[in-house]
Amino acid sequence: MINLTIDNQQIEAEEGKTLLAAATLAGIDIPTLCYHPAVPSAGACRICVVEITGGGQPGLVPACAYPVQEGLEIQTESERVVASRRMTLALMLARSPGATIIQEMAQEYGAEPVPMDKGDDDCIMCGLCVRVCQDVIGQSAVCFEGRGHERKITTPYDKQSEVCLGCGACAFICPTGAIDPADYCPHPLETIPNDFNCGLDTRTPIHIPFPQAVPNKPLIDRENCIHFITGGCEACKQICPADAIDFDMTDEYVTEKVGAIVVATGYELFNPDVYAEYGYGRYPDVVTSIEFERMVSASGPTTGELVRPSTGKPPKTVVFLQCIGSRREQGGLPYCSKICCMYTAKHAILYKHKVHDGQAFVFYMDVRSGGKNYEQFVRRVIKEQMATYLRGRVAKIFPSDGKLIVRGADTLSGTQVEIAAEMVVLAPAMVPAAGIRNLAQTLRIGYDEHGFLLEAHPKLRPVETNTAGVFLAGACHSPKDIPDSVAQASAAASKVLGLISHQTLTREPTIGIVDEETCNACFECEGACAYGAIGPKELKDRKGEVTAVVAYINEGLCQGCGACAVTCRSKSIEVQGYRDDQLFAAINATGR
Amino acid sequence: MAVATQLRTPEDLANLREQAATRRESKRMAIAICCGTGCRAQGSMDLVEEFRSRLEAEGLSDVEVRATGCHGFCERGPLVVIYPKEIFYCGVQDTDVADIVDKSIKGDELVESLLFRDPVSKNRFHLEHEVPFYAKQQRIVFRNNGKIDPVVISDYIAVDGYVALAKALTQMTPEAVIDEVEKSGLRGRGGGGFPTGRKWRICHGQPGDQKYIICNGDEGDPGAFMDRSIMEGDPHSVLEGMTIGAYAIGASRAYMYVRAEYPLAVANLEIALEQSRALGLLGEDIFGSGFSFDVEIVRGAGAFVCGEETGLISSIQGDIGSPRQRPPYPAESGLWDKPTNINNVETWANIPVIIDRGADWFASVGTEKSKGTKVFSLVGKVQNTGLVEVPMGTTLREIVYDIGGGILKKRKFKAVQTGGPSGGCIPEAMLDLPVDFEKLRDVGAMMGSGGLIVMDERTCMVDVAKYFLAFLVDESCGKCTPCREGLFQMHAILSRITEGRGREGDIELLQRLAAYVGESSLCQLGGTAPNPVLSTIRYFRDEYEAHIDHKRCPAGVCTSLVNFGIDSEACKGCGLCLKDCPTEAISGEKKAPHRIDETVCVQCGVCYEACPFDAITVE
Amino acid sequence: MARMGVFICWCGSNIAETVDCESVAQYASTLPGVVVGRSYKYMCSDPGQRLITDAIKEHNLSGVVVASCSPRMHEPTFRQAVATVGMNPYMLEMANIREHCSWVHTNRAEATEKAKDLVRVLVEKVKRNVPLADIEVPVTQRAMVIGAGIAGIQAALDVAAAGFEVALVERQPSIGGYMSMLDETFPTLDCSQCILTPRMVEIMQSKNITLHSFSEVEQVEGYVGNFEVSIRKKPRSVDMEKCTGCGDCWNNCMARNKIIAPSPVLPGEHTPPEVAEKVDAILATYTDPSGMVIGALQDVQREFNYLHPDALVYLSEKSEIPLARLYSVASFYNAFSLEPRGDNIIRTCLGTACHLRGGGRIADAISRELGIGDGETTKDMKFTLERVNCLGACALAPVVTVNNKYYGKMTIGKMMDVLEERAGQDAGQPQEQPQEATAV
Amino acid sequence: MIQTKHDQDDTAQWQPRIVAFLCNWCSYAGADLAGMSRLSYPASIKIIRLPCSGKVDPMFVLKSFERGADMVLVSGCHPGDCHYTSGNYHARRKLKAFRELMSFLGVDPRRFKFSWVSAAEGAKWSKLVEEITAEARELGPFRTFPEAAKTEASQ
């Protein structure tokens, strides 16, 4: 470790670190412009100059590029430093009067009031964009042209770049926002949708799903990460103070030995873009309920301020449409998704809080509010005119001069209704999480035609499945709200505890037995067994001589499916409880 | 005549030297014709042909015609020196060849018209060393220029070439070589004056097996061309110096960075490399010492900033010549991040002499802290322009007047500028200043590469400052704010002043900007850029005030502040000015006083220069 | 000889409605080996079960067939009942005459007939049953929860609270599921995060719970009590132990947009062949072009008299040096010209010496004469004017070179003559060659 | 379904005898569901419960025909759903080969049905029974085996 003094403060820093890094660690603020932790330092803008007052050649040096040296003494706010910084800012202001960051810095650190020739170029020529594209990303799309005062940043021959990835690193890192990759990228720029906010805002490849994520650790989305596509860019690896980034990680297989399994894989929302009449996916102001939830959420894309996606202004009229996909015989799901009526009422309340003078309408078939205090909740919404409930279905939604005309029926008054809405919220049906069928097959449990997992018995064994030891909880079993899900979860937990609280458990004795006399060790049965329960067994005489080898069924592994019995040519295997003689007797009894 | 046998041992070298020397002496006479760029531009190559064909025609086979490198006295080119007597003819045209052959070669007379006539004392000199231009010079670096043919290695060997290398490789350890160089007190001739011995010791001490040597032949300073003449005229002295240096430091490869504008230097160096490789003086196991070394030539491409060490390194590495922040210094991590030692051409050329004749001999030349000699390129408004090699400590007056022959057209001396764009100007009051690293720095100037630009009363110091800033604004790499923006603003201010739009406080503003640029710039280009402005303000503040307050340019240079007229009495109507005027603003009959038409005149000042009778008036 | 008991259940009216239970019971008792055949309203009720156990004791029955609902419902119930009186539970089986008979047939006669058949089949089978003993199997006293939404979290916490280890597998990088996306929850309008986040933290802090986030169940082997689940832990590319969650990486990630890697270009794909040929010849002279970029560019400039764009692009493709770097080098150095240059390249020296001796005036004169500025070329491609900073022949100031031929001590007049002379020549090959040394 | 069921008189049609071997986990549960959903189908079918369709031995099918079945149905889980992972695959391959043998033995292959019915497909089960019963009626009673058995018994 290197010992040095910054602003008369004794500091210890790792060798190879820069003065800036050491100062920042010690909580001393040094302004920078052409510096970024992930990009090799250039020491170009000279905003970060500090004065060496001892232990080295006296003079002004850039903190971002000057290495720490044993016994060095530097001042970050000495009179010479301040004078130099003020002159640098004055010169930059002269070159780029329009750059906001320079104006702010000039305010904060003061700029020498020196009469100068004014330029109008926002680019302060710090070179960060060139360096990030060349040294970090590895594409070298933008470059310097010329030298001296006439130097400018461009692409070769000012032409559209052939190598630009469109990653936007240059615009992101530019301190004054003077560069826009759209000018030279061969393809249109497209941000990475943040799936947590339903794609309403963007995220970067390395991200945490949401601020309160547990575990609160990032991951890298290899589809969009530059390193995994071109092999370049290791910015995150460079910056990480804990050196935690490891690009070589691959799939890791872990085996868990468990006695019982609870499946709680939850649900997804049905994609309403199949119904052309609602225009979801075509009209930006037609959103799903989860998108609406994200919009009103404080941690959402608009930090809780509800705005119309098309105009960015709060919607004055919102129409909620229920049963989108649910309770439909054709072209949808026949079951009721149970939670939509309740969360739509909640949305009406939230909408009232957000837009006091807003007007909400709800097209419903029947308000399903069966839970505890559910009905009172909905009643309050209706009574306090938070929303006008219209019993009926919506036939069509179409845009007309900036609004969305919602044409539907109000069956109670028997009239045709048209509402000019500024936002339409669809309450899509609940469907099991994607991939549920594969998981069910892996766990060998049943599932219905919609993919909801099959309980052993709808009334008596709602949290168990036909496969012993596998239990169900939550929406993967059937649409349910949070209280029911939690209740079912605890039920499943108790079932699990019932099973694993014992050291042993009893199992049906209906397993295979080998008749060692007739078995001629052809081991056809071994191939038929899905559980690898069959293996060779040596029969020994008294003297320990091996007289024969026969098939042996491991009592613990055999599940009694009987495949081996049927395959056995010499009929030497019988499944207890389903022996051939029993079955033949039963078959015989089928005749009169 | 190239000798193909490999010199495996110092003895082989000694035998070759014997052979070469005897062959040179066998010739009764040798006609040395300067074929440096300067004289070549004045037709010296035709002279060589003319002499050869003449001698052949006359059957004089015992006379050798030798095309040598630059003799230094470019003003009087093309130069011919006849050995052994050292008869010095200048301004020789091919028509004079017949005369010279008849009188000086066959006979023993002199061709009076070609002898050098001193403009001041009007008397003639016929021996080279007597000519005032050469009399006061002490030629160590230029010891062979003018005496050997640069493209014939045996010439160089004949004059004790590579003796130092053999001595170093076979009798001295690398540390001993470094001690010798340190003892000699040699300091960098590139401009900084950093002690060469210490620089080598640092690089030698660095870990790592791969080290590099670089010869900085960028010579970006305008007005300096001594490196050129050395590389063209005596390439082997540089190569030998580099090989000794590489041996001392432990480097196996070297790069010679030569300016794009020196094609002849590149050509001569390439030939020298081929020839020394052929003799085994470069390549594997030189002189059987186990030391292997080779040199590669890298052509520069026209960037003054590549004279700065890290700028040069990134240029060799194939990138733009932008300097980088130091430390790490090139000695620790330079070319491709390996320890690299960079020295100027002139510094390398001194090494063989130091090793050959010993550090004490070298230390006996020069002043207490600045040892040895320095080659200056004496140019500008001086009679005898050319390359002058004088021991450190010689006074400016001696250089400008004794050697330089005083001011052109007997105008009044005003100042001399040293160190090019990084240097400063020295007024008349300080003409007796002895030339020394410290002394020059104390007065605000700088040794620099050695450009000595003489200025007379007709030179406007503000214009000079503006010129240097214009140069630096164009040559700045543009990386760091102080240099890119600071110099641009300073140049803008100076332009305003020279166009008569100077304002109160401009001088103080220039000084503040200058201090800032000098202090905050990333590299030494920016660091020293303000010197010309600061020194012109320091010594010629009155001129600045004249421009700003009275909107007048005393020297009559700044066109927008000046208009020219003709004094009818003085004007003899010779018509010289009329002929030269680019815009035909002058009219008048032969022998009758001429007139200048104000509206057409662009104040270019050509008439003022051309008029022999000082009839042009300037207000 | 088997001593069988057959008991027909009415199941209230569910069976009796379409099946004549009494006649089935009556029929059953006539079957060989059947010693008692009875029917009762609710066999699964307590009196019903007692009817069976009493009959076992009374007639010392060896096997029992209960004809009622599906065995999947009450087989365990009846088996436990008979076990209480010492009969091996596997000597009892059930005939499904409700779901498979009474509920699905309307014709009473057919239904009754079918019920009789089903009973007869079961009796014949059960006669041949042998007593079986349950198998004891060891239990791994650990549990797994797949999916860490609110349900998964709750289940995991409950099991862990009971002191058992739980392996919680979540496919998403974070636990929390849909609930973490909610703002408020009905009916209490609790803030969803406020009630969920503590539970999520509990998961992390519970020493019994091993969380496999960003992982999926790949394969499940084994059976109840002895499952072996293989889990694929997808690579996060972040080492979870070392990471402190400080945020430096995602705040500084450079990929702000989706990226599309450029399709690889075959060198020379769209380069005119004659240009490619010349550049190949140049490249052949360099072992490692990346170190000799400037040398290579100078050769290209000598070949084309300027840096021909196609040549630069091709050089970049062949030497794999980014075009950006070649272009920035080409535009940095004065010696290079990106624009085509004239046959005669006039260089006026503006070094200090030449400046003092009027170099600038000569340059201005040429500009006025040819109508071109610094770095420009005349329309007829005859002349290019370049103002350079020092040609290194200061003694002959002011110096001008035309295609490397030096003209010292120039005046405007002399310059005009040179221009005329040069204009007269038809240029042919530009003479931008370096001077040949006079090798002896 | 409050009103009591009266005797419907559909005995006019001949009631074929169909023996069905159902796997306990899927098809048997499917039949249960049909019952729970009160779907009705002909009483021609008699279900024998087996642990898995893979347990159906071809001899059972032969014995059923011999004992007077007019048609035999084997039903198991959908491929991939089998509680024992691969039982239904064994069944499918084995019984497909057996079907060729049956036609060789003179039994109309249409008398032997194989199907997948999952635990949730009560409706599919009832429709299946209706269809195969209708087909069985078409085929008429199956006599070849019983006669052979009788002659054998008589010798």
Side-chain angles (χ1 to χ4, degrees), chain A residues 140 143-147 156 165 167-169 172 189-190 204-207 209 213-214 216-217 219-220 226 235-236 239 242 244 249 252 254-262 264-266 297 342 346 373 377 468-469 473-474 485-486 489 493 496-497 500 504-507 509 582 585-586 589, chain C residues 120-121 124-125 128 132 134-137 139-147 149 151-152 154-155 158-159 162 167 173-174 177 183 186-187 197 200 224-225 227 229-231 233 235-237 239 242-243 245 248-250 252-259 261-262 322-324 327-328 331-332:
Chain A
S140 298
C143 63
F144 288 113
E145 181 190 316
R147 66 176 188 214
L165 302 176
C167 67
F172 166 62
L189 302 183
E190 192 196 339
T204 52
I206 187 164
H207 63 285
V214 166
N216 208 272
K217 305 279 167 75
L219 76 148
I220 294 183
I226 298 173
C236 50
I239 282 187
M249 265 190 185
E252 200 193 317
V254 168
T255 308
E256 287 280 4
K257 284 195 166 64
V258 289
I261 299 174
V262 176
T265 46
S297 162
M342 288 313 298
K346 176 192 77 175
N373 295 326
F377 183 77
S485 298
V486 171
V496 163
L497 291 175
I500 63 172
T504 63
L505 63 83
T506 56
R507 256 200 43 231
Q582 285 175 291
Chain C
R120 183 179 63 249
V121 165
E124 286 309 317
K125 178 175 189 270
R128 289 165 177 73
L132 300 171
D134 278 346
I135 301 170
E136 284 294 313
V137 171
V139 171
T140 316
Q141 295 192 293
R142 294 178 75 242
M144 166 175 285
V145 175
I146 302 174
Q154 183 59 44
D158 286 357
V159 173
S174 164
D183 180 27
F186 56 82
T197 320
M200 291 161 69
V224 55
F227 289 113
V229 182
S230 107
I231 298 164
K233 288 177 81 77
R236 272 177 173 272
S237 312
D239 181 333
K242 291 186 188 164
C243 170
D248 279 3
C249 55
W250 65 74
N252 287 302
C253 173
M254 291 300 161
R256 313 310 294 180
N257 303 319
K258 286 188 177 172
I259 65 167
L323 180 60
Y327 185 75
S328 57
S331 59
F332 183 87

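All chains are named by letter (A, B, ...) in the order of the sequence lines, taking the proteins before the strands, and each is independently numbered beginning at 1. The figures here come from the full heavy-atom set of this structure, side chains too, leaving out hydrogens, waters and symmetry mates. Remember, predicted model here, so these are calculated numbers, not experimental data.
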I need the A/Leu189 CG to C/Ile259 CD1 distance, nearest 0.5 Å.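 Reported to 0.5 Å precision, the distance equals 12.0 Å.
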Spatial distance of atom CE (C/Met254) from atom CD1 (A/Ile206) [nearest 0.5 Å]: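 Taking CE in C/Met254 and CD1 in A/Ile206, the distance rounds to 12.0 Å.
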Against chain C, work out which of [options] has the most heavy-atom pairs shorter than 4.5 Å and name it.
{"options": "A/Gly474, A/Ser297, A/Gly168", "answer": "A/Ser297"}
{"options": "A/Ile239, A/Asn373, A/Val496", "answer": "A/Ile239"}
{"options": "A/Ala493, A/Cys167, A/Ala242, A/Ala260", "answer": "A/Cys167"}
{"options": "A/Leu219, A/Ile220, A/Thr255, A/Leu497", "answer": "A/Leu219"}
{"options": "A/Ala235, A/Ala264, A/Gly469, A/Ala213", "answer": "A/Ala264"}
{"options": "A/Glu252, A/Met249, A/Glu256", "answer": "A/Glu256"}

Grab the two heavy atoms, one from [X] and one from [Y], that are nearest each other, plus how far apart they are.
{"X": "A/His207", "Y": "C/Trp250", "answer": "CA-CB, 4.1 Å"}
{"X": "A/Leu165", "Y": "C/Ala261", "answer": "CD2-CA, 3.8 Å"}
{"X": "A/Ile500", "Y": "C/Val139", "answer": "CA-CG1, 3.9 Å"}
{"X": "C/Phe186", "Y": "A/Lys346", "answer": "N-CD, 3.9 Å"}
{"X": "A/Phe144", "Y": "C/Ser331", "answer": "O-OG, 4.0 Å"}
{"X": "A/Ala489", "Y": "C/Gln154", "answer": "CB-CB, 3.6 Å"}

In terms of heavy-atom pairs under 4.5 Å, which option from [options] contacts chain A the most?
{"options": "C/Asp239, C/Ile231, C/Thr197, C/Asp158", "answer": "C/Ile231"}
{"options": "C/Cys243, C/Ser328, C/Gly177", "answer": "C/Cys243"}
{"options": "C/Pro235, C/Ala167, C/Pro322", "answer": "C/Pro235"}
{"options": "C/Asp248, C/Val229, C/Val145", "answer": "C/Val229"}
{"options": "C/Lys233, C/Glu124, C/Arg256", "answer": "C/Arg256"}
{"options": "C/Ala162, C/Pro262, C/Gly152, C/Gly149", "answer": "C/Pro262"}

Could you walk me through whether A/Arg507 and C/Asp134 pass the side-chain contact (heavy atoms from CB on, under 4.5 Å) test, one step at a time? CA-CA 6 Å; A/Arg507 256 200 43 231; C/Asp134 278 346; over 6 Å; no
Can you check whether C/Asn257 reaches A/Glu190 side chain to side chain, under 4.5 Å on heavy atoms?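 Sidechains of A/Glu190 and C/Asn257: no contact.
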Side chain, backbone, both or neither: which part of A/Ile261 has a non-hydrogen atom closer than 4.5 Å to chain C?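 It is both, since atoms from each part get that close.
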Can you list everything that forms a side chain to side chain contact (heavy atoms under 4.5 Å, CB included) with C/Ala255? Sequence neighbours excluded, please.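 C/Ala255 satisfies side chain to side chain contact (heavy atoms under 4.5 Å, CB included) with A/Pro205, A/Ile226, C/Cys253 only.
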Go through the structure and list residues passing ring-ring contact (aromatic ring centres under 6.0 Å, His included) with C/Tyr327, not counting sequence neighbours. A/Tyr157
Taking it one step at a time, do A/Thr506 and C/Glu136 satisfy side-chain contact (heavy atoms from CB on, under 4.5 Å)? CA-CA 5 Å; A/Thr506 56; C/Glu136 284 294 313; 3.1 Å; yes
